[in-house]
Amino acid sequence: MSTQSPAAPETTGPATARRPVNRQRVLRRYLPPQHGAWAMLLLPYLVGVAVVGPGWLQLPLLGAWLAGYLLSYYVFQAVKSRRPRRYLAQLRLYALVAAPLALAVVVVRPAVLWYAPAFAALLAVNAGYAWRRRERALLNDLASVVQSCLLIFVVATVAGVSPERVVPAFVVLLLYLTGTVCYVKTMIRERGSTSYRRLSIGFHLAALVVVTLLDVGLAPIFLVLLVRAWLLPGRALRPAPVGMIEIVCSVLVLGTLVLVS
């Protein structure tokens, strides 16, 4: 017994410790470290469903949308690195998930194909910036914002609702997400840049005017966004708190849109 007793911790301890490490490696391999992208992906979908109403076809649409994003991320990584073989496992997995879900949506609502040229053009912009390894460029980020906001029209079409019904929500989200791109740059990659700070504040001020003309009920949240863009740049905030603030802002925007819709 004296020889076996110490052996148990030695064999089980390292094995137990390896499991979380292996899981983390798998997650890092198959999930991109783009935490802010999830809000940009989910917010337009949730707003669209809240405006037009839920339906069973919205579920495969959501699956296709998320898997399509993951597929596109690793496509652009392959383009950027010039080594597509490195990402074959991720490309196969997400293509196998996205394709049947997207096909189901198209079969039931073929009208969604009208949006395909717009998405293709915007994805081509992303691919061009990935090839030049400039995926953090402002125009590339804005192309991604427009893609996300276009999903509202897809949600409406899938629900059999006229796209005109979601135009106000599209405009509001386009203003919010564009402003967020400008603001986050002043907090992280363009910290200390006077020109970016002016751009961010000016855009948020213009957005406040536009949404107030659309619906005065939207003014309070966009006033909060303007104050955040005005006061927070220049403060020593790490990326994690910046991300948490944006999660709260996204929830407030979602709640406000649901209330005024």
From [X] [atom1] over to [Y] [atom2], what is the distance, rounded to the nearest 0.5 angstrom?
| X | Y | atom1 | atom2 | result |
| --- | --- | --- | --- | --- |
| E190 | T194 | CD | OG1 | 11.0 Å |
| L205 | L225 | CG | CG | 12.5 Å |
| S193 | L199 | OG | CG | 9.0 Å |
| L93 | Y74 | CG | OH | 9.5 Å |
| Y129 | L138 | OH | CG | 8.5 Å |
| L41 | L66 | CG | CG | 6.0 Å |

Under 3.5 Å: donor-acceptor pair, side chain of [X], backbone of [Y]:
| X | Y | result |
| --- | --- | --- |
| Y45 | Q58 | yes |
| R82 | K80 | yes |
| N140 | E135 | yes |
| R189 | A137 | no |
| Y94 | Y30 | yes |

What pair of heavy atoms forms the shortest contact from [X] to [Y], and how long is it?
| X | Y | answer |
| --- | --- | --- |
| G68 | A98 | N-CB, 4.0 Å |
| A169 | L257 | CA-CD2, 4.4 Å |
| A50 | V258 | CB-CG2, 3.7 Å |
| S250 | Y176 | OG-OH, 3.0 Å |
| R109 | G160 | NE-N, 3.8 Å |
| L214 | V172 | CD1-CG2, 4.1 Å |

Might you work through the side-chain contact (heavy atoms from CB on, under 4.5 Å) test for L139 and V125, ending with a clear yes or no? CA-CA 9 Å; L139 289 179; V125 172; 5.8 Å; no

Just jot down the salt bridge (Lys or Arg N to Asp or Glu O under 4.0 Å) partners of R228, sequence neighbours excluded, or say none. E246

Using side-chain heavy atoms (C-beta onward) and a distance below 4.5 Å, is [X] in contact with [Y]?
| X | Y | value |
| --- | --- | --- |
| N126 | Q147 | yes |
| L177 | V181 | no |
| K185 | D141 | yes |
| V166 | V155 | no |
| F222 | V210 | no |
| L101 | L61 | no |
| S148 | W65 | yes |
| V51 | I152 | no |

What do the steps show when you test L62 against L42 for side-chain contact (heavy atoms from CB on, under 4.5 Å), and what is the final call? CA-CA 9 Å; L62 176 61; L42 291 174; 4.1 Å; yes

If hydrophobic clusters are built by linking Ile, Leu, Val, Met, Phe, Trp and Tyr wherever their side-chain heavy atoms come under 4.5 Å apart, do [X] and [Y] end up in the same one?
| X | Y | result |
| --- | --- | --- |
| V224 | L259 | no |
| L173 | I247 | no |
| L31 | L96 | no |
| V106 | W56 | yes |
| L103 | L113 | no |

The test is side-chain contact (heavy atoms from CB on, under 4.5 Å); show your working for Y87 and S81 and say whether it passes. CA-CA 10 Å; Y87 301 100; S81 66; 3.5 Å; yes

When clusters are formed from ILVMFWY side-chain contacts under 4.5 Å, directly or step by step, what else is grouped with I245?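 When side chains under 4.5 Å apart are linked, the cluster holding I245 also contains Y183, V184, M187, I188, L232, L237, V242.
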
Does R235 have more than 12 heavy atoms from other residues, nucleotides or ligands lying within 6.0 Å of its CZ? no

Does CZ belonging to R132 count more than 12 external heavy atoms closer than 6.0 Å? yes

Would you mind listing every ring pair (Phe, Tyr, Trp, His ring centres under 6.0 Å) that reaches into residues 196-215, with sequence neighbours excluded?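 As it turns out, there is no ring pair (Phe, Tyr, Trp, His ring centres under 6.0 Å) pair with a partner in residues 196-215 once direct neighbours are skipped.
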
Qualifying residue for side-chain contact (heavy atoms from CB on, under 4.5 Å) with V145, from L150, L175, L174: L174

Which class fits the ring pair F170 and F153: parallel under 30°, tilted 30 to 60°, perpendicular over 60°?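 Ring orientation of F170 relative to F153: tilted.
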
